[in-house]
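Quick notes on the structure that follows.
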Amino acid sequence: MTKKVRKAVFPAAGLGTRFLPATKAIPKEMLALVDKPIIQYGVEEALAAGCEEIIIVTGRGKSAIEDHFDISFELEATLERRGKKELLALSRQVSNMVKLAYVRQKEAMGLGHAVLMARELIGDEPFAVILPDDVIDAPVPCLKQMIDVYNQTQSSILATMEVDGPAISAYGVLEGTPDSTNPKLFNVTGMVEKPKLADAPSKNAIIGRYILTPKIFELLEKTPLGAGGELQLTDGIKALLATEKVYGYTFDGIRHDAGDKFGMLKATVDFALKREDMGEKFREYLKSLSL
Ligand code: G1P
């Protein structure tokens with residue numbers, strides 16, 4: 001019997017050291033891209049892809065994420081009293097969004113460990129993983145594209161894009177061959193987390209969107225610590241290859257690394273230019289700069 005992808009896991013327990021000092025007291029997932037926390041873009045993507053349940057893996061100092069997706073009684077009562085209908089709708093849109101569950105990762109032991117924390121809440125069904133740092137701007141939401149592929153293949157799918165040069169060392173990297181029937185698919189035969197450029201098996205970097213079969217949990221339980229002394233999701237998926245098919249999927253869309261200062265700046269410019277309420281004004285401002 002085939003099962004649908006209904007649940008999405010958001011690992012959000014990381015320390016956010018790439019964005020210090022902003023992330024000293026604020027979770028990096030709550031940093032605003034224009035006016036919306038980056039994790040909300042991911043949650044909206046999961047909903048648009050048909051997911052019904054969101055599981056956020058949090059840790060110490062991350063309670064702002066829970067507050068963000070909750071009802072804010074004081075704020076909403078004040079907005080109502082002042083007749084601020086549009087702002088009230090914006091606030092409620094978040095709290096009404098979806099069924100959310102939180103699970104706590106007590107120690108920052110890596111992405112594989114974070115995903116393992118969601119085991120009980122996922123159970124025996126395929127699920128999605130979204131890394132909130134990776135904001136993907138796409139005509140069809142990236143996760144929706146991947147779920148469509150999953151529905152055809154019933155196999156684990158990893159989002160991938162080509163990365164040139166030494167930057168590849170910041171990623172999990174796929175080994176394998178292009179699929180002969182679909183140019184967007186890559187038949188994965190191996191993978192390595194954060195290799196040196198010379199050791200990278202290809203230019204196909206893993207981007208933060210995954211669809212995984214539940215078999216991954218028992219494998220992650222047995223996976224030894226890997227790169228950076230952490231339990232790596234990449235190593236768990238590599239073990240999955242012994243018994244299951246795994247595909248890389250070249251998505252349509254632009255990926256922004258919003259967990260990085262420069263990546264966030266670029267994303268801000270792109271997203272602000274596209275906004276109906278400020279795009280034109282912002283374009284004029286950028287043009288006026290004598291660069
Ligand atoms: C994680 C994964 C890595 C993947 C990357 C995508 O790394 O471990 O395989 O390529 O996300 O953003 P991180 O960026 O958390 O170090």
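In this text, all values refer to a predicted model and were calculated from it rather than measured experimentally. Counting convention: from 1, in listed order, for ligands and their atoms alike. Counting begins at 1 with the first residue of the sequence.
Of all non-hydrogen atoms in Gly165 and Leu197, the two that sit nearest each other are O-CD1, 3.5 Å.
Glu66 and Tyr102 are not linked by any side-chain donor-acceptor pair at a separation below 3.5 angstrom, with hydrogens and angles left out of the test. A donor-acceptor pair shorter than 3.5 Å can be found between the side chains of Lys245 and Asn187. Residues Glu244 and Thr213 bring a donor and an acceptor atom of their side chains to less than 3.5 Å of each other.
Residue contacts with ligand 1: Leu131 is placed with no nitrogen or oxygen under 3.5 Å of a nitrogen or oxygen of the ligand (distance criterion only). Checked against a 3.5 angstrom limit, the closest N/O atoms of Ala170 and ligand 1 fall outside it. Checked by distance only, ligand 1 and Asp134 come closer than 3.5 Å through their nitrogen or oxygen atoms. At least one N or O atom of Glu193 sits closer than 3.5 Å to an N or O atom of ligand 1.
Heavy-atom contacts from other residues, nucleotides or ligands closer than 6.0 Å to NZ of Lys144 number 12 or fewer.
At the top of the distance list for atom 4 (C) of ligand 1, counting protein heavy atoms only, stands Ile206 O, 3.4 Å. Taking atom 16 (O) of ligand 1 as the reference point, the nearest protein heavy-atom neighbour is Lys194 NZ, 2.7 Å.
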Where do Lys7 and Glu52 land on the salt bridge (Lys or Arg N to Asp or Glu O under 4.0 Å) test, with the steps shown first?
-> CA-CA 6 Å; Lys7 300 179 183 176; Glu52 296 155 10; over 6 Å; no

Taking it one step at a time, do His256 and Ile136 satisfy side chain to side chain contact (heavy atoms under 4.5 Å, CB included)?
-> CA-CA 6 Å; His256 296 280; Ile136 299 181; over 6 Å; no

Stepwise side chain to side chain contact (heavy atoms under 4.5 Å, CB included) test for Met264 and Ile38 | CA-CA 10 Å; Met264 180 65 120; Ile38 59 174; 3.9 Å; yes

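Atom 7 (O) of ligand 1 is flagged as protein-proximal [any protein heavy atom, distance under 4.0 Å]. Within the 4.0 Å cut-off (strictly below), a protein heavy atom is located near atom 13 (P) of ligand 1.
Listed by number with element, the atoms of ligand 1 under 4.0 angstrom from any heavy atom of Thr234 are 9 (O). Every atom of ligand 1 is numbered from 1 in the order shown, and the set under 4.0 Å from a heavy atom of Tyr171 is 10 (O).
Distances shorter than 4.0 angstrom occur between a heavy atom of Arg255 and an atom of ligand 1.
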